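Everything on this sheet refers to the single structure shown next.
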Protein chains: 2
Amino acid sequence: MVSIPVLTLKRLPQYLELLQQFQREGQSHVSATRLAEITGVHVTQVRKDLALTGVVGVPKVGHKTAELIEAIKSFLNWNDSSSCFLVGAGHLGSALLGYQELSRKGLSIVAAFDTDPALSGTTVNGVKIYGLDRFANLCRRLHINIGILTVPSEHAQATAQMMIDNGIVAIWNFTPVHLDVPEGVIVENVDMSASLAVLSHRLAEKLHHETKVERSH
Amino acid sequence: MVSIPVLTLKRLPQYLELLQQFQREGQSHVSATRLAEITGVHVTQVRKDLALTGVVGVPKVGHKTAELIEAIKSFLNWNDSSSCFLVGAGHLGSALLGYQELSRKGLSIVAAFDTDPALSGTTVNGVKIYGLDRFANLCRRLHINIGILTVPSEHAQATAQMMIDNGIVAIWNFTPVHLDVPEGVIVENVDMSASLAVLSHRLAEKLHHETKVERSH
DNA sequence: AATTTATCGATATAAAAGTATCGAATAAGA
DNA sequence: TCTTATTCGATACTTTTATATCGATAAATT
Ligand SMILES: NC(=O)c1ccc[n+]([C@@H]2O[C@H](COP(=O)([O-])OP(=O)(O)OC[C@H]3O[C@@H](n4cnc5c(N)ncnc54)[C@H](O)[C@@H]3O)[C@@H](O)[C@H]2O)c1
Ligand SMILES: NC(=O)c1ccc[n+]([C@@H]2O[C@H](COP(=O)([O-])OP(=O)(O)OC[C@H]3O[C@@H](n4cnc5c(N)ncnc54)[C@H](O)[C@@H]3O)[C@@H](O)[C@H]2O)c1
């Protein structure tokens with residue numbers, strides 16, 4: 001089996017976003033050239049990425065927008081939605097509970113869990129919040145295999161372990177903690193710090209450079 | 001000037017997180033070997049990454065934890081905090097306003113902006129929310145050059161443009177929209193969709209594989 | 001004091017990702 | 001109908017990133 005480059009996987013949602021916009025605008029066809037121009041990704045790269053989803057384009061016209069959207073969605077398994085649990089309904093957790101788009105990306109949060117007794121029993125955006133004591137039972141009964149981790153950093157590892165112990169095999173980790181998990185368990189980190197690091201360094205570089213240029217005049 | 005690999009920049013916060021944990025545990029020294037073991041990054045890679053920050057280690061003992069922390073922070077410019085504005089104080093926006101750690105990563109949100117009149121004048125976690133009409137004036141007066149973008153997708157491009165028009169040169173973009181900006185403006189996307197895409201595909205792959213194995217018995 | 005061991009840091013090799021080139025296909029215009 | 005322009009998709013090439021190797025160095029051990 002050909003393994004898909006991670007970077008391709010990461011670019012696909014970007015194409016998808018654009019394609020959906022094009023579709024709303026009523027454009028029936030889109031060329032790789034066009035996608036490349038807008039995203040800044042090299043044309044050849046776009047072609048390679050799209051090729052992996054199995055679509056074929058026609059010369060001079062490109063790809064059928066609808067077909068391409070379907071291809072990407074089905075490739076990412078974003079067509080039918082997977083149920084998942086969220087643990088840690090704090091600032092970030094409740095933002096995610098209120099994030100409508102998730103369902104369009106194949107993810108449906110069916111329940112949330114929090115240690116805070118004040119939150120227990122409440123509902124955020126239609127999702128009920130339970131105490132942690134309910135986790136094991138519900139998780140096994142509903143055969144949940146995706147967990148969203150938004151607890152404070154110091155509880156990240158223990159919470160991840162609890163998830164795994166109850167059958168969760170994929171963790172979407174929003175904490176900056178590196179999770180130590182058994183082989184076979186998928187951990188995907190949403191690394192805001194990483195992104196901020198790039199921003200900070202780039203900006204510092206830019207400002208520093210500008211100061212130098214100014215001085216030299 | 002040697003340009004720093006993006007991937008190095010993205011790994012640095014991960015090391016930093018670990019180092020700070022080690023420091024709390026009272027470990028005065030850390031070796032690249034150790035960091036490699038925990039993060040899963042190859043030792044040689046860790047060494048190269050650290051080397052870029054200018055630190056030097058000593059054989060057999062590694063690096064001084066405190067020194068390494070300082071080196072990374074100063075390299076990322078996370079020592080002194082930059083002021084920034086946040087636009088779009090909705091679900092995600094207010095989560096970020098409540099995110100204490102930001103200040104430890106060199107970022108200080110000094111004001112937020114939202115079109116919703118109900119939010120105008122309120123305070124979230126000590127940060128005041130203003131109407132958009134106040135943006136231009138405040139932005140210029142305070143010489144803000146970083147903007148956090150958390151408005152609904154359909155307003156992303158226009159809001160980004162407004163930021164740029166008022167002197168913002170770096171945008172931390174949480175929307176899935178590809179922003180079209182003038183040269184010189186830094187855009188850093190926090191791409192949750194990208195991350196989710198990797199998770200979804202990996203999981204689908206894993207589950208599919210397991211089903212196949214089961215069947216073959 | 002000599003030896004072992006763990007680690008560093010430099011250099012070399014390998015793998016992955018990105019970019020360029022080119023022929024083939026197809027629609028639109030001459 | 002023939003030509004031209006545009007796009008596709010395959011292959012070759014380049015650059016970047018990751019991994020392996022190796023000598024040097026400093027602490028710990030004999
Ligand atoms: N807030 C943000 O915008 C943001 C951004 C990036 C990363 N993060 C990360 O996300 C994580 C959560 O951040 P936050 O700002 O939402 O924190 P928070 O304190 O607002 O929310 C954490 C929630 O988890 C609950 N909780 C605590 N221990 C728990 C446990 N063991 N099991 C279940 N629930 C538990 C708390 O009651 C609270 O409701 C942190 O690791 C943070 O670094 C947050
Ligand atoms: N909620 C999440 O967890 C989450 C996760 C990932 C990405 N995002 C992205 O972040 C963006 C915001 O998501 P959200 O869930 O916070 O949405 P939201 O609707 O909860 O919040 C948006 C806020 O922006 C304000 N707003 C609207 N137009 C504005 C304008 N022109 N200028 C200033 N403010 C304006 C609204 O009043 C609202 O308060 C979206 O693009 C979404 O895709 C959200």
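Letters A, B, ... mirror the listed sequences (proteins, then strands); counts begin at 1. For clarity, every value in this text was computed on a predicted model and none was experimentally measured.
- Closest approach to the A/His63 side chain among D/dG9, C/dT26, C/dG18 is made by D/dG9 (side chain taken as heavy atoms from C-beta onward).
- Between the side chains of A/Lys48 and A/Thr8, not a single donor N or O lies within less than 3.5 Å of an accepting N or O.
- Distances from the side chain of A/Lys60 to the nucleotides D/dT17, D/dA26, D/dA5 place D/dA5 closest.
- With B/Ser31 contributing its side chain and B/His63 its backbone, the two residues share no donor-acceptor pair below 3.5 Å.
- Separating the NZ atom of B/Lys64 from the P atom of C/dC8 is a distance of 15 Å, rounded to the nearest angstrom.
- Checking each of B/Glu17, B/Gln21, B/Gln14 against A/His178 for a side-chain contact (heavy atoms from CB on, under 4.5 Å) leaves exactly one that passes, namely B/Gln14.
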Stepwise side chain to side chain contact (heavy atoms under 4.5 Å, CB included) test for A/Val185 and A/Leu179: CA-CA 11 Å; A/Val185 173; A/Leu179 301 176; over 6 Å; no
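- The side-chain heavy atoms of B/Glu101 and A/Met192, taken from C-beta on, include no pair separated by under 4.5 Å.
- Atom CG in A/Asp49 sits about 13 Å away from atom C1' in C/dT19, given to the nearest Å.
- By the salt bridge (charged side-chain N to carboxylate O under 4.0 Å, His left out) test, A/Lys60 is found to be paired with no residue, residues two or more places apart in sequence or in another chain being considered.
- Contact check of residues 15-48 of chain A against DNA chain C (heavy atom, cut-off under 4.0 Å) returns A/His42, A/Thr44, A/Gln45, A/Lys48.
- Distance A/Ile4 CD1 to C/dA17 C1': 14 Å, rounded to the nearest Å.
- Two residues, B/Gly57 and A/Val6, neighbour DNA chain C, and the one matched to the more 5' nucleotide by heavy-atom proximity is B/Gly57.
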